Number of protein chains: 2
Amino acid sequence: MARSSQTQMAVLGGLSIEPMTAYALREAIRDVLGHFWSESFGQIYPTLQTLEEEGHVRRREGPRARSSVFEITGSGTARLIELLTEPIRGTPPRDGLLLRLFFGRTLGRERCRGLLEAARDTALKNLQGYESLQTQLSAQEGDTPDWPFIEVTIRAGIHHSRATIAWADESLAALGDPAGHPEPEEPQP
Amino acid sequence: MARSSQTQMAVLGGLSIEPMTAYALREAIRDVLGHFWSESFGQIYPTLQTLEEEGHVRRREGPRARSSVFEITGSGTARLIELLTEPIRGTPPRDGLLLRLFFGRTLGRERCRGLLEAARDTALKNLQGYESLQTQLSAQEGDTPDWPFIEVTIRAGIHHSRATIAWADESLAALGDPAGHPEPEEPQP
DNA sequence: GCAAGCATGTAAAAGGTTACATGATTCA
DNA sequence: TGAATCATGTAACCTTTTACATGCTTGC
């Protein structure tokens, strides 16, 4: 029972906004929740089947041959609330960037700087993405009851990106400017 | 071949700082890398066996009967550098808090506020932990060649915690003060 | 003598990704 | 007509956690 309640949460949540095909659901999860969630086909299809058997979603004929549009049922909404109320199951942390930086003495200062610069660039791009998303969606959806909650998740991305940029800049300064003196003398004796 | 290069990285990295038993290695990973990495016994023991077969670590008699201290070999150091240089394999994001907040209309505003308050509290506790760790370790290890890199990882935690606190405060304000008006009338019809 | 913690390992199960196989539809 | 995209589903594989089984050592 309960094939990955985490996936069920995302699937039921998606369908709670709008009925769609499994394919569209995966695209919606990738495009809309992509900054903090992901699901693959291999999870979505079996989960939809389970949810259908349990009566939490209903399958209707889709716009094409052999395609199905899924919609959430009353019991599905109840199940969604139940899942959303469950305690958050935290994934054990696995940050490949920090692991590499931690062993920076072995990896080498220059390569660490490279990693930090790449992280900074990525964070900057993400930040710009979040900001334009916020502007765009607030115009489009600013009046819907979902908007305040959606905006909270976008602002999480904004805060996180800004923190990453500030941290990377600070760290690049701490690891020394390579220009002129690739391995600077220890500043403090 | 290459049983989880990620685990190998953490294991070889740990042993590159100091030879130890598998048990101690797990404790070190939990206590020192715990803020951004984790490994379980079920990963560490088989990985050490593989690394031993490949000649990347050497097993010595430990301080107790039936216990082994592992130390990294020359080829192990080379392998570690190779692993650290590999592109970072990003785990697909799965943030249970943001998922719940995204579906906040269904979950309910009050429960969302509760989640945000809990997140804020946790971040505050983490922040204090990072700050005292920084003070403590900078006195202890401030002169070692590893310290600048270790500090980078601690400062990542500090920046991230501060961002979480600021975001949670902002979001709590945005989701409305519950005092006086638990479920404010819909502002827009 | 016994409890807590050190120490080693294995097996089963969960959770998830990737690749594959298949076919319909749209559009250039 | 052929490529891109929509669409469904399965199977194999990988990683990782959890639980279990076992025994030594230290300190009270």
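Order of the sequence lines sets the chain letters (A, B, ...), proteins ahead of strands, with each chain counted from 1. Source: prediction; values computed, not measured.
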query: Just how far, in rounded Å, is C1' of C/dA7 from CD1 of B/Ile44?
result: 12 Å
message: Using whole Å, what does the distance between atom P of nucleotide C/dT17 and atom OH of A/Tyr45 come to?
response: 15 Å
- request: Return the value, rounded to whole Å, for the distance between atom OH of B/Tyr23 and atom C1' of D/dT26.
  value: 13 Å
- request: Quick one: closest heavy-atom pair of B/Leu84 and A/Arg100, and the distance?
  value: O-NE, 3.2 Å
- line: Closest to the side chain of B/Gln43, out of C/dG16, C/dT8, D/dT16, is D/dT16
statement: Between A/Leu15 and the options A/Thr77, A/Leu51, A/Val57, the side chain to side chain contact (heavy atoms under 4.5 Å, CB included) test singles out A/Val57
- request: Determine whether the side chains of B/Glu170 and A/His159 contain a donor N or O and an acceptor N or O closer than 3.5 Å.
  value: yes
field: Out of D/dT25, D/dT16, C/dT10, whichever nucleotide has its closest atom nearest the side chain of B/Gln49
entry: C/dT10
- prompt: Which whole-number value in Å describes the distance from B/Arg30 CZ to C/dC6 C1'?
  reply: 12 Å
message: At 4.0 Å (heavy atoms only), tell me whether A/Arg26 reaches a base, stays on the sugar-phosphate, or touches nothing.
response: nothing
message: Does D/dC24 have its OP1 or OP2 closer than 4.0 Å to a side-chain nitrogen or oxygen of B/Ser67?
response: no
message: Of the listed nucleotides (C/dT8, D/dC24, D/dT17), which one gets closest to any side-chain atom of B/Arg66?
response: D/dC24
task: Report yes if a side-chain nitrogen or oxygen of B/Arg64 is closer than 4.0 Å to either non-bridging phosphate oxygen (OP1 or OP2) of D/dT26; otherwise report no.
output: no
- request: For A/Thr91, answer base if it contacts any base atom (sugar-phosphate contacts may also be present), sugar-phosphate if it contacts only those atoms, and nothing otherwise; contact means non-hydrogen atoms under 4.0 Å.
  value: nothing
task: Would you confirm whether the ring centroid of A/His160 sits within less than 6.0 angstrom of the ring centroid of A/Tyr130?
output: no
- request: Can you tell me the distance, in whole Å, between the CD atom of B/Glu27 and the C1' atom of C/dG5?
  value: 9 Å
field: Axis-to-axis angle between the two ends of the helix from C/dG1-D/dC28 to C/dA28-D/dT1 (five base pairs per end, rounded to 10 degrees)
entry: 20°
field: Candidate pair A/Glu141 and A/Glu151, rule side-chain contact (heavy atoms from CB on, under 4.5 Å), full reasoning
entry: CA-CA 10 Å; A/Glu141 320 236 349; A/Glu151 198 182 19; over 6 Å; no
message: Can you identify which nucleotide, out of D/dG9, C/dT8, C/dG15, has its nearest atom closest to the A/Arg59 side chain?
response: D/dG9
Spacing between B/Phe41 atom CZ and C/dA7 atom C1', to the nearest angstrom: 8 Å
- request: Applying salt bridge (charged side-chain N to carboxylate O under 4.0 Å, His left out), name anything that partners B/Arg58, two or more places apart in sequence or on another chain.
  value: B/Glu71
- prompt: Checking A/Arg60 against A/Phe70: charged group under 6.0 Å from the ring centre and within 45 degrees of the axis?
  reply: no
- prompt: Atom CG of B/Leu48 and atom P of C/dT8: how far apart are they, to the nearest Å?
  reply: 9 Å
- prompt: Toward the 5' end of DNA chain C, which comes first, A/Ser40 or A/Pro63, by nearest nucleotide?
  reply: A/Ser40
message: Check this one for me: any side-chain N or O of B/Thr47 less than 4.0 Å away from OP1 or OP2 of D/dT15?
response: no
- line: Whole-Å distance, B/Phe70 CZ to C/dT8 P, equals 7 Å
message: Please determine whether a side-chain nitrogen of the Lys or Arg among B/Glu131 and B/Arg162 lies less than 4.0 Å from a carboxylate oxygen of the Asp or Glu.
response: yes
